[in-house]
Amino acid sequence: MTSDEYNDCGPVSGWDLHCHTVFSDGTKTPAELVDIACAKGLHGVAITDHDTTAGWNDAQIAAQSRGFPLLRGSEITAQDDHVSVHMLAYLYDPENEGIVELFRSTRKARIERARRMVSRLAQDFPITWDDVRDQIKKGEKTTVGRPHMADALVAAGFYRTRSEAFAGAISSSSKYYIPTPSPTALRVVQVVRQAGGVSVVAHPGDYSRNRRLLSDFQIRRLADAGLGGLEVWHRGNGSDERRRLLKLADELGLLVTGGSDWHGAGKPNELGENLTGDDVVAQIVQRGAIGLVS
Ligand code: AMP
Ligand code: FE
Ligand code: FE
Ligand code: ZN
């Protein structure tokens with residue numbers, strides 16, 4: 001089967017370019033990610049933890065030992081005119097000063113925001129910062145987010161699952177919610193480009209995480225600044241949005257990618273449920289500052 005074959009969810013074979021591990025809010029290690037991707041017969045996989053490269057080394061060791069292809073990347077927290085935006089970035093130089101500073105400041109802001117949110121939650125749910133820290137699997141290397149607060153609420157018996165907590169106290173519409181101060185999407189596109197990487201807007205059609213989506217105008221502005229692609233094949237994008245995004249990608253010459261947004265046991269999304277074609281991966285590799293691992 002080649003990735004020339006498509007169904008409503010995108011290519012029927014290829015790579016999963018959107019996966020989280022214990023280095024952010026996933027529940028599995030990078031080695032487990034590589035093992036499961038390999039067992040599922042994917043052509044390759046990307047590690048894309050939030051605002052970090054901390055899992056790259058473990059993923060690289062696992063990929064090399066199994067001879068399984070790996071793209072190194074991240075999902076970068078951003079905003080554009082009050083719209084929360086996630087930017088996938090691939091194959092950038094991890095030592096680039098702009099990238100290092102971006103991650104340092106967002107990760108610091110995430111911890112401060114988490115501590116403030118826990119103080120708010122503690123008014124109604126008796127949990128402490130230590131309870132949240134107990135849910136963080138790799139200490140300071142892990143990028144902290146709401147899923148760790150959700151896990152603390154589950155461990156304390158207030159909810160049965162992470163998703164239940166996300167539908168309740170952890171929701172972005174709850175009174176406990178505080179957004180993470182984030183760089184603009186435009187700045188992220190520029191920094192990733194300067195670091196030699198390829199940026200892709202993650203789940204740009206997902207109304208479950210934003211009341212308002214990036215407009216065509218906002219996406220055009222990012223494309224003018226060097227945006228590489230749009231993640232069209234993602235469970236959060238509705239069919240009308242997929243059509244709109246495919247049209248925009250065509251018009252702006254953007255790559256069309258797909259990924260599951262896998263979080264292990266932390267979300268129902270199955271590894272490989274959405275894929276990126278081999279031809280698109282080849283273009284990312286061609287443009288990237290660092291190579292594919294295999
Ligand atoms: P944060 O970036 O700290 O605001 O947390 C948002 C993260 O929570 C995103 O990366 C999502 O992957 C994750 N998330 C959102 N909704 C859910 C859900 N229903 N269940 C589990 N994780 C979720
Ligand atoms: Fe996440
Ligand atoms: Fe995301
Ligand atoms: Zn994600």
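First listed ligand is number 1; within each ligand, the first listed atom is number 1. This is a predicted model, so every value here is computed, not measured.
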**Request:** Looking only at N, O or S atoms, find the one in Glu75 nearest to the Fe ion (ligand 3) and name it.
**Result:** OE2
**Asked** Do Ser74 side-chain atoms and Thr52 backbone N/O form a donor-acceptor pair below 3.5 Å?
**Response** yes
**Request:** Could you check atom 21 (C) of ligand 1 against the protein and tell me its nearest heavy-atom contact, residue, atom and distance included?
**Result:** Gly266 O, 3.0 Å
**Message:** Is it the case that the side chain of Asn210 and the backbone of Ser84 share a donor-acceptor pair, with hydrogens and angles ignored and the cut-off at 3.5 Å?
**Reply:** yes
**Asked** Is there a donor-acceptor contact under 3.5 Å from the side chain of Asp278 to the main chain of Gly14?
**Response** no
**Fill in**
the Fe ion (ligand 2) has as its nearest N, O or S atom from Asp25 the atom OD2
**Request:** Say whether, by atom type as modelled, one donor and one acceptor occur between the side chain of His234 and the main chain of Glu231 under 3.5 angstrom.
**Result:** no
**Request:** Say whether, by atom type as modelled, one donor and one acceptor occur between the side chain of Asn269 and the main chain of Ser260 under 3.5 angstrom.
**Result:** yes
**Request:** Decide whether an N or O pair under 3.5 Å exists between Thr180 and ligand 1.
**Result:** no
**Asked** Does Lys267, backbone or side chain, put an N or O under 3.5 Å from an N or O of ligand 1?
**Response** yes
**Complete:** the protein heavy atom lying closest to atom 7 (C) of ligand 1 turns out to be Asp25 OD2, 3.6 Å
**Item:** Thr142 side chain to Ser24 backbone, donor-acceptor under 3.5 Å
**Value:** no
**Message:** Under a 3.5 Å distance rule, please check whether Tyr90 uses its side chain to pair with a backbone N or O of Val200 as donor and acceptor.
**Reply:** no
**Message:** Whether the Thr128 and Asp130 side chains hold a donor-acceptor pair (N or O, under 3.5 Å, no angle test) is what I'd like checked.
**Reply:** no
**Request:** Below 4.0 angstrom from a heavy atom of Gly145, which ligand 1 atoms are there? Numbered from 1 as shown, please.
**Result:** 3 (O)
**Prompt:** Within the distance-only criterion (no hydrogens, no angle test), does the side chain of Glu101 pair as donor or acceptor with the backbone N or O of Gly98 below 3.5 angstrom?
**Reply:** no
**Item:** Nearest-contact summary for atom 12 (O) of ligand 1 - protein heavy atom, Å
**Value:** His263 NE2, 2.9 Å
**Item:** His50 backbone or side-chain N/O/S under 2.8 Å from the Fe ion (ligand 2)
**Value:** yes
**Asked** For ligand 1, is there an N or O atom under 3.5 Å from any N or O atom of Tyr177?
**Response** no
**Prompt:** Any idea which protein heavy atom is nearest atom 2 (O) of ligand 1, and the distance to it?
**Reply:** Arg110 NH2, 3.3 Å
**Message:** Check for me, please, whether Val232 and Val198 land in the same ILVMFWY cluster - side-chain distances under 4.5 Å, paths through other members count.
**Reply:** yes
**Message:** Other residues, nucleotides and ligands only: do more than 12 of their heavy atoms fall within 6.0 Å of CZ on Arg193?
**Reply:** no
**Asked** So, His86 and the Fe ion (ligand 3): N/O/S under 2.8 Å, yes or no?
**Response** yes
**Request:** Can you pull out the closest protein heavy atom to atom 15 (C) of ligand 1? Residue, atom name and distance to 0.1 Å, please.
**Result:** Phe166 CE2, 3.3 Å
**Prompt:** Tell me: protein heavy atom nearest atom 6 (C) of ligand 1, and distance?
**Reply:** Arg146 NH2, 3.5 Å
**Asked** Atoms of ligand 1 less than 4.0 Å from Arg162 heavy atoms?
**Response** 21 (C)
**Prompt:** What's the atom name of the N, O or S in His263 nearest to the Fe ion (ligand 2)?
**Reply:** NE2
**Message:** Tell me whether Asp80 contacts the main-chain N or O of Val83 through its side chain, where contact means a donor paired with an acceptor under 3.5 Å.
**Reply:** no
**Asp261 near the Fe ion (ligand 2) via N/O/S, less than 2.8 Å** = no
**Fill in**
Taking only non-hydrogen atoms of Pro147 and a 4.0 Å limit, the atoms of ligand 1 in range are 5 (O), 7 (C), 8 (O), 13 (C)
**Asked** Would you say His50 touches ligand 1, if touching means a heavy atom closer than 4.0 Å?
**Response** yes
**Asked** Can you check whether Ile290's main-chain N or O pairs, donor with acceptor, with Asp93's side chain at less than 3.5 Å?
**Response** no
**Message:** Starting from atom 20 (N) of ligand 1, what is the nearest protein heavy atom, named by residue and atom, and what distance separates them?
**Reply:** Ser163 OG, 3.4 Å
**Asked** Is the closest N or O pair between Arg113 and ligand 1 shorter than 3.5 Å?
**Response** yes
